[in-house]
Q: 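My questions will all concern the structure given below.
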Amino acid sequence: MPKGLILAIRKKYEENIKKGAPWIPVTEIIGNSALETAVSGELGKILSLSGKFLATGYYNQKSYIACRILSRDPNEKIDASFFCRRIAAALEKREKLFPGGYYRLIHSEADGLPGLILDRFGGTLICQISTAGMERLKPQLLATLGKTLAPETIIFRNDVPARLKEGLKNYVSVAKGEAQGFTKIHENGCVYFADLLRGQKTGWFYDQRENRKFIADLAEGKSVLDCYCYNGGFGILAANHGAKSVTFIDSSARALELAALAAKENSLLESCEFIRAKAFDALEKLQKAGRKFDIVLLDPPAFVKTRADKKSGMMGYERLMKLGISLIAPSGILALTSCSHHAPRGELKKLLENCLKKSEREFQLLKSAGAAPDHPKHPLLPESDYLKFFAFRVE
Ligand code: SAH
């Protein structure tokens with residue numbers, strides 16, 4: 001029998017593990033006295049009821065997802081070399097997709113490293129650990145990052161709500177080098193800026209890279225509204241592709257400051273207008289003023305943060321969509337995105353289409369998309385399809 005923590009799995013869940021399920025809910029683990037004294041995040045062997053090895057994972061009795069799988073190879077040790085192999089495999093895929101060092105390098109389960117997000121900004125790495133198991137493996141992770149990627153700066157943005165459910169404290173720390181006030185990002189041929197220490201999530205949303213390009217490719221000579229613009233991801237690229245004007249709206253002064261800096265850096269300031277306001281207030285004002293835009297892009301923070309918010313969150317999307325429709329010029333493009341795990345793609349699409357039907361304007365769905373491929377989806381985790389992007393032509 002293997003040494004260390006043993007997790008015996010109920011018979012009916014064995015098949016799921018064999019098919020590639022990356023998690024084991026607490027209800028599928030057969031209780032034993034060793035589990036009571038296990039340390040949060042401890043590594044364990046997952047065995048079938050008959051004692052056959054299934055996988056190695058880490059265990060946390062504080063979480064409903066009691067175990068997350070790291071390896072299915074009985075001989076694979078979870079050490080710095082393990083991290084080296086996983087990171088090298090991810091690196092090869094990313095450099096093929098987006099050569100140049102600006103991308104999400106590790107997307108948790110989908111890259112075989114549950115509980116870890118790693119975003120790369122040239123020589124700066126942002127790590128985000130969301131589980132106790134990954135937190136315990138931080139020394140091995142750090143040893144690997146230094147060797148495989150030789151970054152100048154490593155920052156831990158361990159300030160996500162998921163950590164609290166794991167019994168972890170939130171913190172932000174600089175593990176190597178010095179954090180800058182803002183960092184330059186290269187994406188789609190544009191330069192942007194992000195405050196990696198204090199910005200949203202890991203500081204930048206690489207997941208919208210291809211959706212930004214889609215909008216920008218339609219933007220030449222058009223007036224564009226980039227609502228919930230953050231540091232200018234969509235609008236700066238649209239301006240760079242020849243948009244006649246871009247109106248940026250965000251409630252964050254820092255986000256607008258960095259969007260304006262990007263406009264200046266790309267010599268686009270003349271075509272850009274910045275409005276600091278709550279989105280609904282700003283959109284209503286524009287509506288009252290009779291403003292119309294050829295392209296309206298609405299990229300709000302998650303409105304449905306938990307299952308309990310679903311009704312009010314979906315109503316939020318409906319209200320936002322209606323305002324968006326009222327601002328669309330004839331034959332314009334209206335795009336709305338949602339990063340709410342709890343707003344299913346099909347339901348959201350239906351809601352948006354119903355709003356368009358009610359407006360009695362003809363429309364077509366031009367594109368229904370998700371996150372860029374440096375955010376791969378795990379085939380057995382529907383929640384990894386979190387980003388929804390819908391673009392409509394509205395006559
Ligand atoms: N479109 C951006 C990402 C948007 S993230 C990109 O391509 O990178 C969501 C943004 O919404 C954040 O910048 C946040 O500051 C802003 N925000 C949150 N609540 C808001 C509100 N009520 N009104 C306006 N902006 C808001």
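Note that ligands are numbered from 1 as they come in the structure, with each ligand's atoms numbered from 1 the same way. What you see below is based on every heavy atom in this structure, not just the backbone, and it leaves out hydrogens, waters and symmetry mates. Along the sequence shown, the residues carry numbers beginning at 1.
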Q: Could you check which of G316, A282, A253, S251 puts a non-hydrogen atom nearest to atom 26 (C) of ligand 1?
A: S251
Q: Starting from atom 5 (S) of ligand 1, locate the nearest protein heavy atom and write down its residue, its atom name and how far away it is, to 0.1 Å.
A: F205 CE1, 3.6 Å
Q: Determine whether the side chain, the backbone, both or neither of Y230 has a heavy atom under 4.0 Å from any heavy atom of ligand 1.
A: both
Q: Given G233, A302, P301, which one has a non-hydrogen atom that is nearest to atom 19 (N) of ligand 1?
A: P301
Q: Is the distance between the ring centroids of Y230 and F205 less than 6.0 Å?
A: yes
Q: Start with the C-alpha gap between K52 and E14, add the side-chain angles, then the distance that decides, and say whether salt bridge (Lys or Arg N to Asp or Glu O under 4.0 Å) holds.
A: CA-CA 10 Å; K52 210 171 136 254; E14 262 180 60; over 6 Å; no
Q: If the cut-off is 4.0 Å to any non-hydrogen atom of A277, which atoms of ligand 1 fall inside it?
A: 23 (N), 24 (C)
Q: Under a 4.0 Å threshold between the charged nitrogen and the carboxylate oxygen, would E273 count as salt-bridged to R291?
A: yes
Q: Which word best sums up how the rings of Y386 and H107 line up, parallel for under 30°, tilted for 30 to 60°, or perpendicular for over 60°?
A: tilted
Q: So is A279 polar-close to ligand 1, meaning N/O to N/O under 3.5 Å?
A: yes
Q: Tell me whether D299 has any N or O atom under 3.5 angstrom from an N or O of ligand 1.
A: yes
Q: How far is atom 4 (C) of ligand 1 from the closest protein heavy atom, and which atom is that?
A: Y228 O, 3.2 Å
Q: Consider ligand 1: state whether an atom of it lies below 4.0 angstrom from any non-hydrogen atom of G232.
A: no
Q: Report yes or no: is the cationic atom of R209 (NZ for Lys, CZ for Arg) closer than 6.0 Å to the six-membered ring centre of F98, at no more than 45° off its axis?
A: yes
Q: Test of understanding: given a 4.0 Å heavy-atom threshold, classify the contact between C229 and ligand 1 as side chain, backbone, both, or neither.
A: backbone
Q: Evaluate D226 for polar contact with ligand 1, using N/O atom pairs at a separation under 3.5 Å.
A: no
Q: Select the closest option to atom 6 (C) of ligand 1 among R276, R209, R212, judged by heavy-atom distance.
A: R212
Q: Polar-atom distance check: D250 versus ligand 1, any N or O pair below 3.5 Å?
A: yes
Q: Would E257 and R254 pass as an ion pair if we require N to O under 4.0 Å?
A: yes
Q: If you apply the rule salt bridge (Lys or Arg N to Asp or Glu O under 4.0 Å), what do you find for R94 with D374, and how did you get there?
A: CA-CA 6 Å; R94 298 322 191 270; D374 51 350; 5.5 Å; no
Q: Could you tell me which non-hydrogen atom of Q128 sits nearest to which non-hydrogen atom of D159, and how far apart they are?
A: NE2-OD1, 3.8 Å
Q: Using a 4.0 Å cutoff against the non-hydrogen atoms of K278, which atoms of ligand 1 qualify?
A: 23 (N)
Q: Under 4.0 Å from a heavy atom of S252: which atoms of ligand 1 are those, numbered in the order shown and with their elements?
A: 15 (O)
Q: Decide, yes or no, whether a salt bridge links E220 with K244 under the criterion of side-chain N to carboxylate O below 4.0 Å.
A: no
Q: Are I328 and R361 close enough that some pair of their side-chain heavy atoms sits under 4.5 Å apart?
A: yes
Q: What I want to know is whether Q208 and ligand 1 share at least one N or O pair that is separated by under 3.5 angstrom.
A: no
